[in-house]
Amino acid sequence: MINDINEIQFPKLGWEFHIDPTAFTIFGISIQWYGIIITLGLLLAALYCFPKMKRFGIDSDKAVDVVLFGIIGGIIGARTYYVIWKWDDYQRGSFGETLKAIINTRNGGLAIYGGIIGAILVGYIVCRIKKIKALPMLDITVIGLLIGQGIGRWGNFVNQEAFGSETDFFLGMTGGRIQQTVSELGMPADQLVHPCFLYESAWCLLGFVLLAAYSKRRKYDGQIALMYMAWYGAERFFVEGLRTDSLMIGSIRVSQALSAVLLITSIILQIVIGFRVKRDPESFVLYANTEESRLLIEEARRKSMGMKGVDARIEDDDDEIGILPDEDDNEETEISDEPVDEDEEIPDDEANSDEIEEDSNETDDFEEDKTKEEK
């Protein structure tokens with residue numbers, strides 16, 4: 001038995017960790033490692049995604065609002081999803097106490113599928129408002145989401161939660177809180193359990209590397225999002241089967257059932273769309289390759305350089321090529337002292353001048369002849 005509740009062990013690897021879930025306290029408020037780790041995952045995802053948005057035809061300045069509101073929607077969705085399936089754990093005597101228990105997320109209680117659903121719904125609404133193409137935005141977002149998930153799962157490690165069933169696997173883990181939990185579940189307290197957080201973290205980070213590399217060769221908008229559904233759905237289906245704290249509907253694990261639906265749906269859609277792309281590739285042009293996207297990116301580039309956009313550039317060009325002042329005209333029309341090539345074509349103005357001079361000479365000759373006849 002482990003007496004220290006904050007101790008975590010991997011006995012077969014000889015690893016021991018002592019981690020207090022509370023990182024520090026400021027102004028009487030305890031800041032948890034769980035929140036810090038999730039925030040770190042979000043920051044790393046943003047640092048990767050924003051510079052890459054141009055590749056997907058997205059103006060990163062406009063996408064800021066989508067990301068910010070998507071994060072808020074994801075947090076609300078994750079908490080709501082978890083509380084719905086764990087309502088008995090949060091229901092209190094008064095409304096105020098119940099609400100306080102729901103809002104308090106410092107000790108965990110966020111469901112990733114709820115977060116994904118909330119982020120996508122809110123992000124889609126903001127995309128419509130900001131007139132941003134949703135599918136390209138979703139493609140780059142899910143790549144960043146894999147970073148956030150891969151890092152964020154270590155918050156479960158600190159809290160000693162989201163672990164699996166008994167195992168003799170060399171990665172088996174135990175801990176002070178884990179032993180308390182498994183004892184309540186009727187399992188031997190000293191039994192090692194699957195580190196499900198580690199499985200999911202490794203799988204998500206590997207998925208990030210693979211999808212990020214493939215994104216350069218994607219065939220249609222939304223393809224990366226479908227690949228994410230299949231990748232994450234497959235992993236979550238198997239890992240969820242190992243969990244001891246799954247959200248349940250009767251005897252059915254909610255996340256496992258949802259993972260199966262996502263996996264099957266993604267495979268079917270990828271096959272159907274793949275055949276359609278082969279038959280009619282012109283109907284599946286990437287948004288990043290369209291003229292609309294190029295103009296938006298170019299306008300964003302000009303704005304970042306301190307210009308007001310395409311209209312401002314056009315006005316500046318008009319000023320440059322407009323009618324010049326009289327002084328400039330006089331300066332540019334000064335007579336040159338350089339000899340003129342006889343074979344050179346005479347401008348229209350000079351030709352007209354010569355014709356007028358010839359006509360004048362002919363008139364003078366005619367008048368001279370007439371005078372002689374009169375005499």
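Numbers for residues simply follow the sequence, beginning at 1. Because only heavy atoms are used, hydrogens play no part in the values below, and waters and symmetry mates are left out as well, while side chains stay in.
- For the residue pair Tyr232/Ser259, the side-chain donor-acceptor check at 3.5 Å is not satisfied.
- In Phe17, the CZ atom is crowded: over 12 heavy atoms of neighbouring residues, nucleotides or ligands sit closer than 6.0 Å.
- Counting heavy-atom neighbours within 6.0 Å of Lys130 NZ, excluding the residue itself, gives a total of 12 or less.
- Under 3.5 Å, the side chains of Ser183 and Gln179 contain no donor-acceptor pair of N or O atoms.
- A side-chain donor from one of Arg177 and Asn6 sits under 3.5 Å from a side-chain acceptor of the other.
- Using cut-offs of 30° and 60° for the angle between ring planes, the Phe169 and His194 rings count as tilted.
- In terms of heavy atoms, Pro51 sits closest to Tyr48 at CD-O, 3.4 Å.
- Checking Glu235 against Tyr199 by side-chain atom types alone, no donor-acceptor pair falls below 3.5 Å.
- Side-chain polar atoms of Gln32 and Thr22 form a donor-acceptor pair below 3.5 angstrom.
- Side chain to side chain, Arg153 and Ser201 fail the donor-acceptor criterion of an N or O pair below 3.5 Å.
- A donor-acceptor pair shorter than 3.5 Å cannot be found between the side chains of Tyr214 and Arg218.
- Ring centroid separation for the pair Phe157 and Tyr34 does not come in under the 6.0 Å cut-off.
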